[in-house]
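Remarks on the structure that follows.
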Amino acid sequence: MTESPIRVGVLGARGRMGQTVVDAVEGAPGLEVVAALDAGDDFAPLSAAQVVVDFTHPDGVMDNLKYLVEHDLHAVVGTTGFSEERLATLRSLLAPKPSLGVLIAPNFALGAVLAMRFAAQAAKFYQSAEIIELHHNRKADAPSGTASHTARMIGAARKAAGLEPGPDATTSGLDGARGALIEDVPVHSVRLPGLVAHEEILFGGVGETLTIRHDSLDRTSFMPGVLLGVRSVVSRPGLTVGLENVLDL
Ligand SMILES: NC(=O)C1=CN([C@@H]2O[C@H](COP(=O)(O)OP(=O)(O)OC[C@H]3O[C@@H](n4cnc5c(N)ncnc54)[C@H](OP(=O)(O)O)[C@@H]3O)[C@@H](O)[C@H]2O)C=CC1
Ligand SMILES: O=C(O)C1=N[C@H](C(=O)O)C[C@H](O)C1
């Protein structure tokens with residue numbers, strides 16, 4: 001007997017990522033698109049879905065998630081902008097729904113997930129770490145969700161190793177020249193037409209540097225992770241943050 005396909009809704013379906021997700025889900029065995037919605041659309045067609053993928057906007061994603069949880073829909077979320085406060089709100093929303101799963105991943109590309117993991121491993125061995133993230137100029141948020149997540153992972157590893165903030169002799173400079181500090185890690189954002197999504201994590205120590213770089217050259221790079229998320233979230237109750245928790249890393 002063949003299993004029935006997982007019914008998938010897509011929010012942000014007319015956007016850059018949403019369109020790519022609709023194509024990927026339509027082409028994936030065992031999955032089907034039952035609703036492809038965007039800003040201003042009535043969400044009622046989502047009642048046909050089991051899992052909803054959200055690539056929308058940081059300003060709207062919390063309302064979307066509230067709707068999805070209230071309507072017992074599993075969610076796979078690529079939209080950025082998740083603070084600890086937002087994650088706590090989401091955990092409270094999920095508390096009365098013990099079988100419901102929400103997966104939030106700041107980056108669904110395999111290489112980006114590996115780069116973050118390698119960076120966390122390297123962090124305790126170097127005095128200093130800085131991040132440069134480079135994206136297309138249509139991006140709404142800065143720094144990127146990936147860079148923020150990477151900085152937090154590096155910060156946690158540095159803290160566990162008892163490291164002080166990296167030495168920096170800057171005593172004068174223009175605002176922003178040393179980037180935005182996340183967990184004492186400076187993060188620098190570049191926006192250029194022609195780019196897709198890129199991240200460089202730089203470490204400096206005694207007489208050496210280490211650079212870890214990942215490049216998404218096309219939005220299809222995110223699709224294997226999104227499809228894995230859709231397939232796994234139905235049997236992964238609660239809130240999962242980061243694709244590294246789903247991959248066998
Ligand atoms: N986790 C990951 O791997 C990745 C995450 N992203 C993130 O995904 C998000 C979307 O990126 P991208 O596709 O480039 O952006 P786009 O602006 O191209 O697409 C977003 C779409 O969502 C629509 N939208 C906005 N608000 C809502 C809402 N509340 N409900 C439903 N639809 C809405 C927008 O409509 P309108 O234009 O009319 O506002 C637009 O069509 C960003 O946060 C980005 O950082 C991107 C790539 C990979
Ligand atoms: O807006 C994008 O394009 C991307 N957003 C995510 C982020 O902010 O990290 C993931 C990827 O970098 C592409």
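Residue Val52 is not grouped with residue Leu228 when hydrophobic side chains (ILVMFWY) are merged at heavy-atom distances under 4.5 angstrom, including chains of intermediate members. Linking Ile, Leu, Val, Met, Phe, Trp and Tyr residues whenever their side-chain heavy atoms come within less than 4.5 Å places Leu87 and Val69 in a single cluster. Under the 4.5 Å side-chain heavy-atom criterion for ILVMFWY residues, no single connected hydrophobic cluster contains both Val185 and Leu202. Linking ILVMFWY residues whenever their side-chain heavy atoms come closer than 4.5 Å, directly or via other members, leaves Ile104 and Val230 in distinct clusters. In this structure, Leu247 is a member of the same hydrophobic cluster as Val234, with clusters built from ILVMFWY side-chain heavy atoms closer than 4.5 Å.
The two residues Leu94 and Gly238 come nearest to each other via the heavy atoms CD1-C, 4.0 Å. The minimum heavy-atom distance between Arg7 and Val34, with the atom names listed, is CB-CG1, 3.8 Å. Minimum heavy-atom separation, Ala157 to Ala123: CB-CB, 3.8 Å. Of all non-hydrogen atoms in Ala147 and Ile131, the two that sit nearest each other are O-CD1, 3.7 Å. Of all heavy-atom pairs between Leu37 and Phe43, the closest is CD1-CA, 3.8 Å. Ser189 approaches Ala142 most closely through the heavy-atom pair OG-CB, 3.9 Å.
Side-chain contact between Phe125 and Leu210 is absent, with no heavy-atom pair separated by less than 4.5 Å. Side-chain atoms of Leu239 and Val102, non-hydrogen and from C-beta on, do get closer than 4.5 Å to each other. Within the 4.5 Å cutoff, the side chain of Met17 has heavy atoms near those of the Met223 side chain. Contact check for Met153 versus Glu183: no side-chain heavy atoms found under the 4.5 Å cut-off. Between Phe222 and Leu243, every side-chain heavy-atom pair lies at or beyond the 4.5 Å cut-off. Annotation: side chain of Leu195 is not in contact with side chain of His135 (no heavy-atom distance under 4.5 Å). Here the side chains of Arg236 and Leu103 are not in contact, with every heavy-atom distance at 4.5 Å or above. Side-chain contact check for Leu65 versus Phe82: some heavy-atom pair is nearer than 4.5 Å.
Looking at Thr240 and Asn245, their side chains never bring a donor and an acceptor atom within 3.5 Å of each other.
Between the CG atom in Leu100 and the CG atom in Leu73 there is a gap of 7.5 Å [rounded to 0.5 Å]. One finds the NE2 atom of His71 at 9.0 Å from the CG atom of Leu46 (value rounded to the nearest 0.5 Å). The line from CG of Leu110 to CG of Leu249 is 7.5 Å long, rounded to the nearest 0.5 Å. Rounded to the nearest 0.5 Å, atoms CG (Leu93) and OH (Tyr67) are 15.0 Å apart. The distance from atom CZ of Arg152 to atom CD of Glu84, rounded to the nearest 0.5 Å, is 6.5 Å. Asp63 contributes atom CG, which lies 10.5 Å from atom CG of Leu68 (distance to the nearest 0.5 angstrom).
The number of heavy-atom neighbours closer than 6.0 Å to CD of Glu208, taken from other residues, nucleotides and ligands shown, is above 12. Counting heavy atoms of neighbouring residues, nucleotides and ligands inside a 6.0 Å radius, atom CD of Glu70 exceeds 12 of them.
Of the possible donor and acceptor atoms, one in the side chain of Asp168 sits under 3.5 Å from a partner among the backbone N and O of Thr170. Between the Ser148 side chain and the Ser144 main chain, a donor and an acceptor come within less than 3.5 Å of each other. Between the side chain of Ser128 and the main chain of Gly204, no donor-acceptor pair closer than 3.5 Å is present. Under the 3.5 Å distance criterion, the side-chain polar atoms of His198 are matched with a main-chain donor or acceptor of Val196. Side-chain atoms of Asp38 come within 3.5 Å of backbone atoms of Ala13 as a donor-acceptor pair (strictly under, hydrogens ignored).
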If you apply the rule side chain to side chain contact (heavy atoms under 4.5 Å, CB included), what do you find for Phe118 with Ile201, and how did you get there?
CA-CA 10 Å; Phe118 298 155; Ile201 307 136; over 6 Å; no
Could you check Glu199 against Asn107 for side chain to side chain contact (heavy atoms under 4.5 Å, CB included), going step by step and ending with a plain yes or no?
CA-CA 11 Å; Glu199 183 182 45; Asn107 202 309; over 6 Å; no
Start with the C-alpha gap between Met62 and Thr89, add the side-chain angles, then the distance that decides, and say whether side chain to side chain contact (heavy atoms under 4.5 Å, CB included) holds.
CA-CA 9 Å; Met62 285 305 282; Thr89 304; 3.9 Å; yes
For Val190 and Ile132, run side chain to side chain contact (heavy atoms under 4.5 Å, CB included): C-alpha distance rounded to whole Å, both residues' side-chain angles, the deciding distance at 0.1 Å, then the answer.
CA-CA 7 Å; Val190 177; Ile132 306 171; 4.1 Å; yes
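With respect to the salt-bridge test (charged N to carboxylate O, under 4.0 angstrom), the residues Asp184 and Arg158 do not qualify.
With respect to Glu133, the side chain to side chain contact (heavy atoms under 4.5 Å, CB included) criterion is satisfied by exactly one of His188, Glu200, Arg191: Arg191.
Remark: Lys97 engages Asp72 in a salt bridge (Lys or Arg N to Asp or Glu O under 4.0 Å) (not counting sequence neighbours).
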Between side-chain atoms of residues 18-33 and protein atoms elsewhere (two or more places apart, or another chain), which donor-acceptor pairs fall under 3.5 Å?
from, atom 1, to, atom 2, distance (Å)
Gln19, NE2, Arg14, O, 2.8
Thr20, OG1, Arg16, O, 2.8

